[in-house]
Amino acid sequence: MAEAADFQGTSASPARRWLRRTGALLTGAPLLAGLLQLPAATPADAAGQESLQAAAAKGSVSVAVDSLTPSTPSEGDTITVSGTVTNNGKQTVTGAHVDLQVGPPLETRSSIDTLAKKSADLQGPSGEKVGGKYTEKYSALTPGVAEPFSISVPADKLDLGRDGVYQLAVSLSGKTSAQPWDQVLGVQRTFLPWQPEEADTKTKTTFLWPLISSAHMAAETGSNEQQTPVFRDDELAEEIAPGGRLDQMVSLGKGLDVTWVVDPDLLASVDAMTRSYQVRGADGSTTPGRNQEVAKHWLAELQQAVTGEEVAALPFGDPDLASLAHNGTSVTGSLGHLKEATDVADETVDTILHVKPSTDFVWPIDGAVDPSIVKVATSAGADKVITRSDSLQDNLSYTPSAARPIGGGTTAVVADARMSTAFQGDLTRASASTLAVQRFLAQSLTLGLQTGKQRSVVVAPQRMPSVSQAQAMAEALGALQGGSWSESQDLTDAAKAKPDPSADTRVPPASAYPSALRKQELPRAAFEQIARTQGKLDKFKVILTRQSRVVTPFGRAMNREMSTSWRGRGVAAVGYRDGIESYLNGLIDGVKLIQKSETKLSGRSAMIPVTVQNNLVQGVEHLELRLTSKNPTRLKIGGDAYEQQRVAVNGGHAQSVKFTTSANANGRAEVVAQLYTEDGQKYGAPVTFDVKVTEVTPTVMLVIGGGVLLLVLAGFRMYTHRKRAAAREAEDDSAEADDESDGPQNQADAPQNPESSDARLTEESAAGSRADAPEQPSDPAPDTAAESADPSGTGERVDR
């Protein structure tokens with residue numbers, strides 16, 4: 001790693017060396033005498049003695065430096081150091097007093113790191129006491145009780161010499177009943193940057209201010225025209241609410257000269273909260289979101305904060321480039337999602353924040369890179385990769401500028417690792433925060449004093465700082481921008497700065513990638529599931545009349561599935577992906593065929609209806625329904641083994657599609673109904689049902705023919721009978737005429753032939769009875785009920 005060069009400085013005076021040696025001897029003599037009286041330690045006691053030594057090194061009294069103002073003093077300033085001392089032992093400390101001690105300048109950046117690790121070690125160097133009235137005294141320190149202290153001392157009383165970083169130690173000395181001599185019982189070291197005059201050559205510092213969160217929105221939306229979004233939880237509202245993490249990031253960054261690094265997904269999510277939205281609870285139910293005003297206020301504050309400032313937009317969802325490079329490139333379509341995430345970033349930021357962002361930068365997790373990560377990072381169009389100096393290392397005695405070419409027209413923007421990691425860990429305690437701030441400033445000043453050449457330095461902190469970390473960052477950056485050795489610079493300008501010709505431009509191999517980071521990566525199975533979901537979406541969208549209502553929310557959800565925020569949250573990541581795929585499956589199942597029971601055909605031809613149900617809000621089209629007979633020799637559909645018809649169904653409706661069938665033989669025939677997209681891909685599950693064919697048989701035809709023959713014979717008999725009767729009447733009429741001419745007059749009143757009259761009545765009665773007779777059992781029934789053969793309209797509702 002890059003290391004600062006040692007300075008040519010003056011050595012301590014003989015008097016100071018004599019005082020330090022005398023103090024060390026006086027402090028160590030009682031301890032040496034006590035050790036000489038102890039028996040030799042056995043191997044079994046080794047571990048215990050080491051723990052006792054570690055406890056003794058920290059002291060029985062803890063000293064916490066809660067504030068140091070000003071952080072970067074100048075001549076004429078009064079330095080105030082405040083904090084608390086706490087007696088952690090079991091004995092009361094008497095004659096206690098707090099002193100300030102100033103050590104010599106720290107010559108290298110590594111010496112700052114070493115001192116920070118041993119900031120509370122009694123055995124470390126502490127420097128010379130300021131003494132005099134700049135001491136705070138206590139009559140007694142009761143065990144377990146914290147006592148405050150505050151010491152103010154003019155800067156000229158600290159005997160500070162040349163520019164540099166000085167060690168400032170706050171020590172607590174006192175006596176106990178077991179050790180009745182004055183000794184140091186606790187110490188806390190910090191750093192005092194000292195450069196009272198303006199530097200001839202200032203370091204140009206770029207500080208990235210990240211606005212990034214985890215995934216809060218799913219793909220689910222409401223069925224209304226506005227597509228009311230559904231949030232997985234209400235945690236985002238807590239982050240942007242007053243005092244929340246993202247609220248603090250905006251309010252603290254507003255007054256600083258920083259480069260805002262924004263995940264467009266965060267902006268899109270908060271923007272969605274400004275309108276009607278739903279929040280899904282743990283039980284699966286949804287409730288209306290109630291934080292519209294909070295979201296509007298946060299966005300308004302952010303829009304004001306970024307006015308005139310540089311904004312760098314990450315790809316939508318902040319995709320995990322390392323996971324994609326190591327596990328996703330072999331899965332078809334994975335790189336396409338990265339390209340989509342990059343394309344949508346510009347429009348999202350511009351629409352919501354009303355600023356034109358830079359989309360040339362990508363930021364792998366912790367700035368760790370290898371050749372595959374660089375290749376993936378630039379595949380989406382970005383040509384600048386934000387790395388870190390603990391990944392792209394140098395063997396120089398100074399820290400070079402951030403920008404350096406790494407081949408293929410790509411620029412690596414190497415952030416300083418020491419300054420970038422200064423605000424990690426728990427900074428909720430004021431003492432930890434103060435130490436982090438002073439350490440950051442010390443590293444910055446020491447870096448600037450390494451060489452007289454001007455350099456561009458980039459600071460890339462953790463992606464999602466906590467509130468306490470953000471407050472420490474803002475405090476340090478405010479002090480740096482008010483200091484005398486640094487000036488602010490935008491990220492774009494830092495990337496364009498002239499590279500140091502001595503800086504290393506070789507990207508480290510894959511074997512050098514940190515194993516701890518590799519263990520947290522999204523597995524190949526994650527990208528395979530994303531690809532499977534995309535495949536289902538591609539088949540589904542072709543039937544939709546309004547594709548954007550589905551494609552857009554699912555596209556953004558799949559971007560979130562690749563987010564860097566899933567690192568260390570493997571179970572949650574799987575749950576999110578499963579939820580997205582499950583919801584898509586539910587939408588796909590909303591367009592389906594209605595199950596059918598066995599159908600009976602009692603003739604040679606009939607119409608078979610098949611119903612398509614659309615439970616979606618929007619209509620579907622570009623579908624074809626195919627009805628196939630598994631036994632075409634028995635049952636044909638449309639004159640062949642199958643028939644296919646186009647289908648279009650309005651949202652929330654069903655359509656009955658009717659197919660003409662013809663039977664050739666009796667028995668059962670299996671029929672399969674299947675939906676297809678226009679490109680021939682099967683859609684949904686098939687519906688299989690049986691058709692029972694009951695054909696008209698020869699025996700039935702004989703029975704019907706015999707009945708017809710009987711009717712013909714009966715009619716012929718009636719005809720001949722009537723003809724004979726008419727002939728007899730004619731004979732009778734002729735005989736009567738002869739009788740009238742020969743016989744008496746009263747023969748005209750004689751009754752007519754009763755046989756002839758009865759026959760006519762009998763024939764008329766028979767004819768009337770035959771006309772009113774019911775149908776014979778052998779008469780054939782209609783094949784199917786009367787119905788229209790025309791297909792139903794797209795808006796027809798069909799009862800199931």
Side-chain angles (χ1 to χ4, degrees), residues 69-72 74 193 195 198-212 245-263 267 298 300-314 349 353-361 363 384 386 388 399 401-403 413-416 418-423 433 436-445 447-448 454-463 465 467 469-497:
T69 57
S71 298
T72 57
S74 298
Q195 183 161 333
E198 290 286 330
D200 294 334
T201 303
K202 292 187 176 183
T203 302
K204 294 184 176 182
T205 304
T206 302
F207 201 104
L208 307 186
W209 200 255
L211 286 183
I212 300 172
R245 186 183 71 83
L246 291 173
D247 173 74
Q248 288 292 293
M249 290 295 295
V250 173
S251 60
L252 292 171
K254 185 183 298 185
L256 301 173
D257 193 358
V258 296
T259 293
W260 297 80
V261 180
V262 180
D263 177 7
L267 301 182
W298 187 84
E301 290 294 311
L302 178 58
Q303 289 168 355
Q304 182 180 357
V306 300
T307 301
E309 301 291 339
E310 184 182 35
V311 176
L314 298 175
V349 176
L353 293 185
H354 312 301
V355 297
K356 192 68 175 177
S358 171
T359 57
D360 298 334
F361 295 89
W363 188 12
K384 300 176 183 66
I386 301 172
R388 214 164 65 182
T399 302
S401 288
V413 182
V414 184
D416 185 77
R418 286 187 170 96
M419 298 173 68
S420 298
T421 59
F423 305 104
S433 176
V437 170
Q438 296 304 125
R439 182 182 180 182
F440 174 84
L441 296 172
Q443 289 287 356
S444 176
L445 177 56
L447 182 153
Q454 188 175 58
R455 284 157 294 162
S456 296
V457 177
V458 173
V459 180
Q462 57 272 32
R463 271 174 154 74
V467 171
Q469 291 170 345
Q471 291 170 344
M473 288 162 50
E475 181 181 349
L477 193 53
L480 182 65
Q481 292 176 354
S484 58
W485 67 84
S486 176
E487 61 183 15
S488 301
Q489 185 180 37
D490 288 342
L491 179 60
T492 302
D493 293 334
K496 294 178 180 178

Glu301 (side chain) donor-acceptor with Ser251 (main chain) under 3.5 angstrom: no
Side-chain heavy atoms of Phe440 within contact of Val459, under 4.5 Å: yes
Gap separating the CD atom of Glu475 from the CD atom of Gln438, nearest 0.5 angstrom: 7.5 Å
Gap separating the OG atom of Ser71 from the CG atom of Leu441, nearest 0.5 angstrom: 6.0 Å
Nearest-0.5 Å distance, CD of residue Gln454 to CG of residue Asp200: 11.5 Å
Distance-only donor-acceptor check, side chains Glu310 and Thr259, under 3.5 Å: yes
Nearest atoms (heavy-atom pairs only) where Ala472 meets Val437: O-CG2, 3.5 Å
Side-chain heavy atoms of Asp263 within contact of Arg463, under 4.5 Å: no
side-chain contact (heavy atoms from CB on, under 4.5 Å) between Val262 and Val306, worked out: CA-CA 11 Å; Val262 180; Val306 300; 5.9 Å; no
Phe361 side chain reached by Leu314 side chain, heavy atoms, under 4.5 Å: no
Non-hydrogen side-chain atoms of Phe207 and Pro461 separated by less than 4.5 Å: yes
Over all atoms of both residues, closest heavy-atom pair of Pro193 and Ala442: CG-N, 4.1 Å
Side-chain donor-acceptor pair present, Gln471, Ser433, cut-off under 3.5 Å: no
Side chain proximity check, Ile212 to Trp363, heavy atoms < 4.5 angstrom: yes
pair Asp257-Glu309: side-chain heavy atoms closer than 4.5 Å: yes
Short side-chain to backbone donor-acceptor contact, Gln462 and Phe423, under 3.5 Å: yes
Under 3.5 Å donor-acceptor, Thr206 side chain and Val458 backbone: no
Interatomic distance, Ser488 atom OG to Asp493 atom CG [nearest 0.5 angstrom]: 11.5 Å
Asp490 side, atom CG; Ser456 side, atom OG - distance, nearest 0.5 Å: 11.0 Å
Heavy-atom side-chain contact between Leu447 and Arg455 under 4.5 Å: yes
Approximate separation, where rounding is to 0.5 Å, of Gln443 CD and Arg439 CZ: 6.5 Å
Non-hydrogen atoms of Ser484 and Glu198 that approach each other most closely: O-OE1, 3.5 Å
Residue pair Leu302 / Leu267, side-chain heavy-atom distance below 4.5 Å: yes
Least distance between heavy atoms, Gly448 atom then Thr203 atom: CA-OG1, 3.5 Å
Minimum heavy-atom distance Ala479-Thr72, with the two atoms named: O-OG1, 4.0 Å
Over all atoms of both residues, closest heavy-atom pair of Trp209 and Met249: NE1-O, 2.7 Å
